[in-house]
Number of protein chains: 2
Amino acid sequence: MKENSEVTIYDIAKKLNLATSTISRGLKDHHTISKKTIEMIKKTAAEMGYRPNNLAASLRGNKMRTIGVLLPTVTQPFLSSLISGIEIAAQKAGYTVIIMQSHDSYEEEVNLTQSLYDNRVSGVICSLAMGTKDTSHFNVFIENNTPLVFVDRVPQSFETFHVIIDNFSAGYKATKHLIDQGCKRIAHITAGSEFSIYHERKKGYLAALEEHNIPFDENLCVKINSVTYDDAAKASEKLLSLKSRPDGIFAPGDILGVSAIQCAKRMGIKVPEELAVIGFNNDPISYIIDPNLSTITHPASKMGQTSAEIILKNLKQSRKKDQIVKQITFLNTEVLVRESSKRI
Amino acid sequence: MKENSEVTIYDIAKKLNLATSTISRGLKDHHTISKKTIEMIKKTAAEMGYRPNNLAASLRGNKMRTIGVLLPTVTQPFLSSLISGIEIAAQKAGYTVIIMQSHDSYEEEVNLTQSLYDNRVSGVICSLAMGTKDTSHFNVFIENNTPLVFVDRVPQSFETFHVIIDNFSAGYKATKHLIDQGCKRIAHITAGSEFSIYHERKKGYLAALEEHNIPFDENLCVKINSVTYDDAAKASEKLLSLKSRPDGIFAPGDILGVSAIQCAKRMGIKVPEELAVIGFNNDPISYIIDPNLSTITHPASKMGQTSAEIILKNLKQSRKKDQIVKQITFLNTEVLVRESSKRI
DNA sequence: TTGTACGCGTTATCAC
DNA sequence: GTGATAACGCGTACAA
């Protein structure tokens with residue numbers, strides 16, 4: 001008995017006095033192999049403890065049956081739900097999922113992109129790092145005809161698949177909801193660059209204000225550098241300490257909304273009576289905070305599934321370069337009204 | 001210009017009039033190749049846009065430079081932090097991470113184990129599905145000399161690496177903390193099988209009671225089927241509706257602790273004055289709930305890193321079967337006292 | 001319906 | 001220091 005005895009189709013072939021090609025085909029139910037032979041091959045393979053070697057199989061096609069996923073982090077609830085959706089769709093199709101974290105660093109993102117290519121993944125799903133402006137490191141996938149999907153944090157212009165929510169519309173809906181509740185001075189917290197999802201949400205906020213003839217007050221719009229608990233706390237305090245205080249806050253992230261509520265509670269400001277708050281994402285913390293945080297629901301898992309399905313559908317389509325288009329899939333968001341904004 | 005032009009070491013060899021073996025070695029800074037040649041090779045490779053093919057390289061060693069991670073789900077905060085830790089350690093070593101979700105199903109776990117093997121991963125990190133009793137589907141990795149680490153939810157007996165916290169001790173510490181706060185009737189919620197981490201925590205709970213001469217009251221120990229919000233709510237309600245109500249609850253999960261606090265609030269029971277609560281894990285929700293939930297901290301990310309490092313260290317060590325041992329790495333837990341249990 | 005023979009890109013083992 | 005060549009395990013034209 002050998003040490004590292006790995007059963008290959010060659011071993012099966014020898015045992016059955018057949019050619020390796022017959023084994024190979026039999027194992028995949030090829031129609032040119034007789035039922036009897038197929039049965040015998042499968043039975044023997046099972047008996048011998050044969051297991052296919054995806055490595056070798058993939059080498060021929062020069063592609064692993066693998067979807068590469070490149071995200072800022074995996075610990076945010078939205079992103080871990082996204083991964084879950086991707087994994088479910090991939091597993092259904094017999095694909096595996098490789099995860100990489102850019103930690104919101106452009107440099108890491110560039111390196112990891114290389115690494116994904118070196119591993120010859122079948123497709124790539126990416127949500128951009130906060131600071132990424134230039135996206136030329138993704139060109140390698142286009143040139144190589146590897147399907148590429150950007151999700152949530154997508155580049156401004158890149159001719160490939162995008163899976164996003166309509167951030168402008170969501171920002172509009174959130175703000176309008178506050179207006180409908182009677183808010184007159186609606187504050188907003190924002191982050192990221194001019195081309196980020198946060199910028200889109202802000203544009204929706206501005207549009208809603210304008211449509212309802214509410215003048216925009218610069219003091220009511222605070223910019224933070226990172227969507228963290230600490231930055232959020234500072235922003236909330238700044239807003240709620242204003243001489244003419246806001247009576248509503250549209251926070252484009254649940255951490256921000258939660259911190260606003262907590263800050264209000266500390267300062268003795270009643271939520272929602274004196275301050276209505278709406279967040280974004282429907283993270284678990286949004287329904288734990290008291291009062292419950294109204295929010296915008298984000299179909300995270302479905303976005304993951306959709307992204308994976310786009311990859312899978314486009315695996316075989318060897319497009320030519322001039323056929324590459326930008327195809328945007330929008331998923332729905334909804335206003336989820338809870339205690340923190342319910343005045344009427 | 002070819003369509004799918006992929007530059008290989010063969011192309012470089014032709015261009016430089018060298019042998020492929022020289023290119024291969026030059027690219028990896030082999031000491032038998034002259035500095036000059038190495039430089040020239042690297043320069044030319046870069047110019048030609050060469051990218052290594054990990055697939056082909058792996059085929060020779062019959063192992064991908066990949067760590068397979070098999071978890072019940074990726075959306076629990078503890079588990080996504082674990083993944084993050086694994087990914088960081090793996091990335092540092094030039095390894096990639098494959099993620100698979102068993103969704104707490106034994107059958108899926110068995111299938112995915114196969115799939116990991118079929119992909120010839122270098123090592124496997126696994127946290128068991130809730131219902132897994134038999135772990136023979138992992139034997140294939142032992143036989144194949146593939147390092148295997150069980151983390152958090154580990155099997156009762158399996159001769160390999162385990163990375164866990166001391167659940168008994170953590171349960172003891174949590175319960176003792178409540179006793180120190182003056183609690184006399186301490187309730188407990190439990191889940192899983194007789195060999196689960198929850199059972200260990202319960203044993204710690206029982207030990208603390210006994211040590212302090214507090215009789216164990218069966219009515220104060222509720223078993224739930226799944227650690228979900230709904231089940232937790234039911235359990236909390238049952239406990240707080242008892243004629244002789246508990247004055248403390250040790251909840252072996254933050255969801256359970258949070259639900260207990262919320263239930264108490266609904267019923268007008270004051271926390272911590274009338275009911276002290278301590279949870280487990282230090283999930284984000286634990287510091288969002290009001291009053292803040294005391295909890296047991298769990299070094300999730302570090303557990304991931306440790307697991308990955310164990311894999312990496314044991315890659316080359318071709319142990320023989322009789323050398324395989326069970327090696328358990330314990331990581332620290334700590335009692336994190338917050339508002340929900342601070343009486344003194 | 002089955003067999004033959006070669007190629008996928010890289011690396012290890014010799015040989016020079 | 002460098003080159004030639006055989007593997008690694010599988011899939012697939014092409015032949016029979």
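Note on naming: letters A, B, ... go to the chains in the order of the sequence lines (proteins, then strands), and numbering restarts at 1 for each one.
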S.K.: Considering only NZ, NE, NH1 and NH2 on the basic side and carboxylate oxygens on the acidic side, decide whether B:Lys302 and B:Glu309 come within less than 4.0 Å.
M.R.: no
S.K.: Would you state whether a donor and an acceptor, one from the side chain of B:Arg51 and one from the base of C:dG9, lie under 3.5 Å apart?
M.R.: no
S.K.: From CD1 of B:Ile23 over to P of C:dA12, roughly how many Å is that when rounded to an integer?
M.R.: 16 Å
S.K.: What nucleotide, of C:dT10, D:dA4, D:dC10, holds the atom closest to the side chain of B:Ala19?
M.R.: D:dA4
S.K.: What's A:Ser58 touching, base or sugar-phosphate or nothing? Going by heavy atoms closer than 4.0 Å.
M.R.: nothing
S.K.: B:Met64 has an atom CE; how far is it from atom C1' of C:dG9, in whole Å?
M.R.: 13 Å
S.K.: C:dT11, OP1 or OP2 - any side-chain N/O from B:Ser21 closer than 4.0 Å?
M.R.: no
S.K.: Spell out, as yes or no, whether a donor-acceptor pair under 3.5 Å connects the side chain of A:Ser24 to the backbone of A:Thr20.
M.R.: no
S.K.: Closest nucleotide of DNA chain D for A:Leu59 versus for B:Thr20: which of these residues is on the 5' side?
M.R.: B:Thr20
S.K.: Tell me, please, whether A:Phe150 has A:Arg153 positioned over its six-membered ring: NZ or CZ under 6.0 Å from the ring centre and within 45 degrees of its axis?
M.R.: no
S.K.: Looking at B:Lys35 and B:Asp29, is there a salt bridge between them, counting it only when a charged N and a carboxylate O are closer than 4.0 Å?
M.R.: no
S.K.: Would you mind checking if A:Lys92 and A:Glu87 are paired as a salt bridge, meaning a charged N to carboxylate O distance below 4.0 Å?
M.R.: no
S.K.: If I take atom CG in residue A:Asn62 and atom P in nucleotide D:dG11, what distance separates them, rounded to the nearest angstrom?
M.R.: 15 Å
S.K.: Check whether any side-chain nitrogen or oxygen of B:Tyr50 sits under 4.0 Å from OP1 or OP2 of C:dT10, and answer yes or no.
M.R.: yes
S.K.: Counting only side-chain heavy atoms from C-beta out, which of D:dC10, C:dG3, C:dT1 sits nearest to A:Ile9?
M.R.: D:dC10
S.K.: To the nearest Å, give me how far apart NZ (A:Lys14) and C1' (D:dC10) are.
M.R.: 16 Å
S.K.: The side chain of A:Leu18 is closest to which nucleotide in this list: D:dT2, C:dT2, D:dG3?
M.R.: C:dT2
S.K.: Could you state the atom-to-atom distance from NE2 of B:His30 to C1' of C:dC14 in whole Å?
M.R.: 13 Å
S.K.: Check whether any side-chain N or O of B:Ser24 sits under 4.0 Å from OP1 or OP2 of C:dA12, and answer yes or no.
M.R.: no
S.K.: Under 4.0 Å between any heavy atoms, over every strand shown, what does B:Asn17 touch: base, sugar-phosphate, or nothing? Just pick one.
M.R.: sugar-phosphate
S.K.: I want to verify a distance call: between C:dG9, C:dT1, D:dG3, whose nearest atom is closest to the B:Thr8 side chain?
M.R.: C:dG9
S.K.: Mind calculating the distance between CD1 (A:Ile12) and P (C:dG3) to the nearest angstrom?
M.R.: 14 Å
S.K.: Quick one: A:Leu55 CG to C:dT10 P, roughly how many Å, whole number?
M.R.: 14 Å
S.K.: If you only use heavy atoms from C-beta on, which nucleotide in D:dG9, C:dT10, C:dT2 is closest to the side chain of B:Arg60?
M.R.: C:dT10
S.K.: Nearest-Å distance, OH (A:Tyr10) to C1' (D:dA7)?
M.R.: 13 Å
S.K.: Does the D:dG3 base have a donor-acceptor partner in the side chain of B:Arg25 within less than 3.5 Å?
M.R.: yes
S.K.: Establish, with yes or no, whether the OP1 or OP2 oxygen of D:dT2 is under 4.0 angstrom from a side-chain nitrogen or oxygen of B:Ser34.
M.R.: yes
S.K.: Nearest to the A:Ala57 side chain among D:dC10, D:dT2, C:dT11, which nucleotide is it?
M.R.: D:dC10
